[in-house]
Structure formats: structure tokens, C-alpha cells
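For clarity, every value in this text was computed on a predicted model and none was experimentally measured.
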Amino acid sequence: MKLIQIFAMLALFSSCNNATKDSKEPIDTANYELVLASDVEWTHLNPKRGDLAPKAGTLWGDRKGKEATGFLLKPNDGFSSPPHIHNVSYRGVVISGVLHNDDPEAAKMWMPAGSFWTQPKGEVHITAAEGNYTLAYIEIEEGPYLVLPEEEHFDSEEHPVNVEESNLVWLNAADIEWVQSEANTNNTAQVTFLWDEAVSDLNGSLIKLPAGFKGKVISAGESFKAVVINGEPGYSSKTQTSEKLLSPGSYFASTGGGVHQLSNNTNAEVLIYIRSKGKYRVVSVK
């Protein structure tokens, strides 16, 4: 993905997600969801291939239904798919291990944890993985999610995006009006914007919480969904009153606004993918 495209996306998000720093925290009337990675139920992504196919575990939605869905993808070490297509487009974030997703003739370009990619519907591609525990988060806007033979390819006029983790552009919270933080810059979150749909007000981003972070994510929009990509943050909310540690692949969400308390009591950074319909704010405290 070219840097000019990334900066154009940043400018778009700055205008779409503008919120004043003195805006009041909404009354917490949200409905909350919490799914631990250890509680995810795994099935074969492509039942026709059985154990040759990666495993998939749904976090929200139903990939066999018609609605938007988010699920975890767990391929075996050394997995390489045959050339194939999907009937719907998807977005992906690598959680652990390394993944390759590209044209069947392309040289392997391995994406490490934190990398982001998109796969247009109808386009022939292969997916490969290396690592004893490779894991990724996959998201679709409509279902069902099907794996189809390459002979059924078609042109959707969409273009794939592959952004290796080291090429992500991070902004300090102090540089983003709608991400609040106290003066203690050592406790400040960072944000990188990945995608948006201006018509629906949906957007996707990654937030990075430094070691020692303590604060909250406040969602004022219709829908807020988050998946832990790296690290092990502490989490609590109105319904999860005792702090619970979330391992990579865990999911938390709210509808109708919401306040998600987060802490990072480790020596490593925490990385969280956020899908939000509407605005959200990251507020750090001393």
C-alpha cells in the first residue's frame, strides 16, 4: 500500500471522526459482549477439505448466514491452499505466525503479526502460513463466506491491499483531536487507520497501548467491536466488573455506546483492532 494512500486515509479519518476534547462521556446504557479466545469453538473453514483446511472460530455474526461476521482463522504450520476465490470480500489482521496471501504466481511475501490485508471477492489467490500457532482475524461485511474453485473467478473491480506491520503509519494520541490523553505522554495510546466506509460510517483501526497504560475506550457510536491482536490487556466494563486478562484473539464489543476499561500491566505493547460504526475515543489516565 503506497504511503500517499495511507496519508489520504488518515486525512479522511481526521475529518470523519472529529470530536472535541471536552465532550462529555455518554451515559452507559450499552449492551456488552465478551468472548475469550479460550472459549472459541473451532470448525473447519472448508468442510469439503476436512483437516487439510484451516480451522475457523466465530467471534461475532455467522459466516454461514447473510450478516457481517468476524472470525478467527487458524491454519496449520506449512499450510498452502490451492488457488481459489471467495464469493465475498474480506479484511484480515495477522495475530501470530506469518501469512502470505496473493496471486498464485506471486513470490511469497510473509506478513508478520500486526499486518493488515484485504482480499477482493472473485479474485484468484492462495493463502499460506508458517508457524506452530498461526492465527488471524477475518472480517466480512456480508455472508455467507464460501470457498469456491478458481474456475468461478470474476472481476469485482476491487483492489487488494497488503500492509506489512512495519509499514503501518502510527499517530500519537496527542496528534489526534478525537483521541484524548492526559499530559503524561508515556501513557499515551497510538492509532493507525486501516479502512473506512464513509456512507455507512464504519471504520477500522488499530490502537497501540504502551506498557503501563491505564485508561478507557469510549464508544459513542451505534456499534463497537474490538479484537486483541497482541499482548494481554486487562479489561472491565459495566457488565464485566472484575478485571479479566484478554489473550490474543479475544473479543469485546458494545452496542449503543459504551465504556471499555483497559490496562496494560506488562512490559510489552498491546495491539487491538477496532471496528467502529461512529466515533470512539481513547482516554488515558495517569
| task | Would you kindly confirm whether Tyr133 and Ile95 end up in one hydrophobic cluster when ILVMFWY residues are joined by side chain heavy atoms under 4.5 Å apart? | result | yes
| Atom pair CG (Leu262) and NZ (Lys214), whose distance is rounded to the nearest 0.5 Å | 10.0 Å
| request: Report the C-alpha distance between Phe213 and Val282 in whole Å, list the side-chain angles of each, state the deciding distance to 0.1 Å, and finish with yes or no for side-chain contact (heavy atoms from CB on, under 4.5 Å). | output: CA-CA 11 Å; Phe213 177 88; Val282 180; 4.2 Å; yes
| task | Find out whether Trp195 and Leu202 are in side-chain contact, i.e. whether some heavy atom of one side chain is under 4.5 Å from a heavy atom of the other. | result | yes
| task | Tell me, with the steps shown, if Lys208 and Glu269 meet side-chain contact (heavy atoms from CB on, under 4.5 Å). | result | CA-CA 7 Å; Lys208 186 187 294 183; Glu269 293 176 330; 3.4 Å; yes
| request: Following the transitive rule for hydrophobic clusters with a side-chain heavy-atom cut-off under 4.5 Å over Ile, Leu, Val, Met, Phe, Trp and Tyr, establish whether Val259 and Leu246 coincide in one cluster. | output: yes
| task | Taking Thr134 for its side chain and Ala129 for its backbone only, find out whether a donor-acceptor pair lies under 3.5 Å. | result | no
| message | Is it the case that the side chain of Thr192 and the backbone of Val169 share a donor-acceptor pair, with hydrogens and angles ignored and the cut-off at 3.5 Å? | response | yes
| field | Heavy-atom donor-acceptor pair, His100 side chain to Met109 backbone, under 3.5 Å | value | yes
| message | For the residue pair His44 / Asp51, report whether a side-chain donor-acceptor contact shorter than 3.5 Å exists. | response | yes
| request: Compare every heavy atom of Gly231 with every heavy atom of Val228, then report the nearest pair and how far apart it is. | output: CG1-O, 3.7 Å
| Just how far is it from atom OG1 of Thr266 to atom CG of Leu245, taken to the nearest 0.5 Å? | 9.5 Å
| query | Looking at CD1 of Ile126 and CG of Asp103, how far apart are the two atoms once the value is rounded to the nearest 0.5 Å? | reply | 8.5 Å
| task | Can you see which heavy atom on Val217 is nearest to which on Ile207, and at what distance? | result | CG2-CD1, 4.1 Å
| query | Is a side-chain donor or acceptor of Asn46 paired with a backbone partner of Val147 at a separation under 3.5 angstrom? | reply | no
| query | For the atom pair CG (Leu72) and CD1 (Ile138), what is the distance rounded to the nearest 0.5 Å? | reply | 9.0 Å
| task | Step through the shown structure and confirm whether more than 12 heavy atoms of other residues, nucleotides or ligands are within 6.0 Å of CG on Asn267. | result | no
| query | Can you find a heavy atom in the side chain of His86 that is under 4.5 Å from one in the side chain of Glu123? | reply | no
| field | Heavy-atom pair of closest approach, residues Gly278 and Ser276 | value | O-OG, 2.8 Å
| field | Under 3.5 Å: donor-acceptor pair, side chain of Asn230, backbone of Val270 | value | no
| query | Where the side chain of Ser156 meets the backbone of Glu158, is there a donor-acceptor pair that is under 3.5 Å apart? | reply | yes
| task | Identify the two heavy atoms, one from Lys225 and one from Tyr251, that lie closest to each other, and give their separation to 0.1 Å. | result | NZ-OH, 3.4 Å
| Heavy atoms, side chains only, cut-off 4.5 Å: are Ile274 and Tyr280 in contact? | yes
| message | Tell me if a side-chain donor or acceptor on His153 pairs with a main-chain N or O of Glu151 at a distance below 3.5 Å. | response | no
| task | Say whether Phe224 and Val191 are linked into one hydrophobic cluster, either directly or through other cluster members, by side-chain heavy-atom distances under 4.5 angstrom. | result | yes
| request: Would you confirm whether Thr58, through its side chain, and Trp60, through its main-chain N or O, come within 3.5 Å as a donor-acceptor pair? | output: no
| request: With side-chain contact (heavy atoms from CB on, under 4.5 Å) as the test, would you mind laying out the steps for Leu148 and Asn87 before giving the verdict? | output: CA-CA 7 Å; Leu148 302 172; Asn87 62 314; 4.1 Å; yes
| message | Would you say CD of Glu152 has more than 12 non-hydrogen atoms from neighbouring residues, nucleotides or ligands within 6.0 angstrom? | response | yes
| Joint cluster assignment, Leu271 & Leu99, ILVMFWY side-chain distance < 4.5 Å | no
| Can you check whether Glu139 reaches Arg275 side chain to side chain, under 4.5 Å on heavy atoms? | yes
| field | Sidechain-backbone polar pair: Asn264 side chain, Leu209 backbone, donor-acceptor under 3.5 Å | value | yes
| Pick from Glu243, Gln261, Gln240, His260: which one makes a side chain to side chain donor-acceptor pair (under 3.5 Å) with Tyr235? | His260
| CD1 of Ile140 to CD of Glu67: how many Å apart, nearest 0.5 Å? | 8.5 Å
| Lys/Arg N to Asp/Glu carboxylate O, Glu141 vs Arg91, below 4.0 Å | yes
| Is it true that Leu135 and Val98 fall in one hydrophobic cluster, defined by side-chain heavy atoms closer than 4.5 Å? | no
| Looking at side-chain heavy atoms only, is the closest gap between Leu168 and Leu206 below 4.5 Å? | yes
| request: Go through the steps for Leu59 and Val40 under the test side-chain contact (heavy atoms from CB on, under 4.5 Å), then give the verdict. | output: CA-CA 7 Å; Leu59 294 176; Val40 170; 3.7 Å; yes
| said: Would you compute the distance between atom CZ of Arg49 and atom OG of Ser81 and round it to the nearest 0.5 angstrom? | reply: 7.5 Å
| message | Does any part of the side chain of Asp77, heavy atoms only, come nearer than 4.5 Å to the side chain of Glu130, both counted from C-beta? | response | yes
| Can Ser115 and Glu164 be said to form a side chain to side chain donor-acceptor pair (under 3.5 Å), step by step? | CA-CA 5 Å; Ser115 300; Glu164 205 264 7; 5.0 Å; no
| How about Phe116 and Tyr273: are their ring centroids closer than 6.0 Å? | no
| note | All heavy atoms of Val94 vs all of Ile229, minimum pair found to be O-CG2, 3.5 Å
| said: Please determine whether a side-chain nitrogen of the Lys or Arg among Glu142 and Arg63 lies less than 4.0 Å from a carboxylate oxygen of the Asp or Glu. | reply: no
| task | Under the ring pair (Phe, Tyr, Trp, His ring centres under 6.0 Å) rule, what do Phe252 and Tyr32 come out as? Steps first, then yes or no, please. | result | CA-CA 7 Å; Phe252 59 93; Tyr32 290 89; 9.6 Å; no
| field | Taking every non-hydrogen atom, the tightest pair across Pro83 and Val124 | value | CB-CG1, 3.9 Å
| message | I'd like to check Phe79 versus Pro54 (side-chain heavy atoms, cut-off strictly below 4.5 Å). Are they in contact? | response | yes
| task | Decide yes or no on side chain to side chain donor-acceptor pair (under 3.5 Å) for Tyr90 and Asn101, but give the supporting numbers first. | result | CA-CA 12 Å; Tyr90 74 79; Asn101 191 85; 3.2 Å; yes
